[in-house]
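Working notes for the structure below.
Predicted, not measured: the structure shown is a model, and the values here were computed from it.
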Amino acid sequence: MMNSSRDRLLEDWAAAWSSPENEEKFLALFTEDCVYEDVAMGIVNHGKGELRNFYHLVFSAFPDCKVELHTHFVAGNHAAAEWLFSGTHKGDFPGLPASNKHTSVRVASVFELQGNQFRRCSDYWDMALA
């Protein structure tokens, strides 16, 4: 049986990554001591302050970014999702100078949950596709 509130947590996460106006909603999905890791970029954010900066960094590089959730599941205190990131690369991102091209990249994320919040998220994607 699926835990609908935890499924919604993943859906809310994807929706929050799809609009810069959702910053506070995005941050509310995470515990204060969260860890958010972009494995391909080698970026590890500790706590909501660093996560807020990362959120701004992504939207400054891809102001029209969207996250399309393809599939996800929750099992106990862990979850995983497969999704598509898309956006126009208008600003520099660490190791990726702005190209002004639209890009789409498949991503997989693994989450650790604490109650109805994310304690940890690790995103995996291929930088060669960006």
Take Glu32 and Lys48 through the side chain to side chain contact (heavy atoms under 4.5 Å, CB included) test and state the conclusion after the steps. CA-CA 6 Å; Glu32 290 297 325; Lys48 286 189 177 183; 3.5 Å; yes
If you look at every heavy atom in Ser19 and Tyr55, which pair is closest and at what distance? O-OH, 2.7 Å
What pair of heavy atoms forms the shortest contact from Ser86 to His102, and how long is it? CB-CE1, 3.9 Å
What closest approach, in Å, do Val67 and Ser18 show between heavy atoms, and which atom pair accounts for it? N-OG, 2.9 Å
Begin from the C-alpha positions of Leu113 and Val74 and carry the test side chain to side chain contact (heavy atoms under 4.5 Å, CB included) through to its verdict. CA-CA 9 Å; Leu113 305 174; Val74 178; 3.9 Å; yes
Check whether any side-chain heavy atom of Phe93 sits under 4.5 Å from a side-chain heavy atom of Val58, and report yes or no. yes
Does a side-chain heavy-atom distance below 4.5 Å link Leu29 with Leu9? yes
Just wondering, do Asn45 and Asn53 contact through their side chains at under 4.5 Å, heavy atoms? no
Can you find a side-chain donor-acceptor pair between Trp125 and Asp38 that sits under 3.5 Å? yes
Are any of the side-chain heavy atoms of Gln114 and Arg120 separated by less than 4.5 Å? no
Is there a path of hydrophobic side-chain contacts, each under 4.5 Å between heavy atoms, that joins Val35 and Met41? no
Go through the steps to decide whether Trp13 and Phe111 satisfy the test side chain to side chain contact (heavy atoms under 4.5 Å, CB included), and finish with yes or no. CA-CA 11 Å; Trp13 170 85; Phe111 302 89; 3.9 Å; yes
Would one find more than 12 heavy atoms of other residues, nucleotides or ligands at under 6.0 Å from atom NZ of Lys66? yes
Identify the two heavy atoms, one from Trp83 and one from Ser109, that lie closest to each other, and give their separation to 0.1 Å. NE1-OG, 2.8 Å
Verify same cluster id: Val39, Phe30 (apolar side-chain graph, 4.5 Å): no
From CA spacing to verdict: side chain to side chain contact (heavy atoms under 4.5 Å, CB included), Val105, Thr103: CA-CA 7 Å; Val105 180; Thr103 188; 3.9 Å; yes
Does a side-chain heavy-atom distance below 4.5 Å link Arg106 with Glu82? yes
Would you mind reporting whether Glu24 and Arg52 have side-chain heavy atoms less than 4.5 Å apart? yes
Are Val110 and Val44 connected, step by step, through hydrophobic side chains (Ile, Leu, Val, Met, Phe, Trp, Tyr) whose heavy atoms are closer than 4.5 Å? no
Looking only at the aromatic ring of each residue, does the gap between the centers of Phe85 and Phe62 stay below 6.0 angstrom? yes
Quick check: closest heavy atoms across Cys65 and Phe59, and the distance to 0.1 Å? SG-CE2, 3.4 Å
From Glu11 CD over to Leu69 CG, what is the distance, rounded to the nearest 0.5 angstrom? 6.5 Å
Transitive ILVMFWY side-chain link Leu96 to Trp17, under 4.5 Å: yes
Is it true that Asp33 and Arg119 have a side-chain N and a carboxylate O under 4.0 angstrom from each other? yes
Quick one: are Tyr36 and Asp123 in side-chain contact, heavy atoms under 4.5 Å? yes
Minimum-distance pair of heavy atoms, taken over all atoms of Thr88 and Pro63: O-CD, 3.7 Å
Gap between atom CD of Glu112 and atom OG of Ser122 - 0.5 Å precision: 9.5 Å
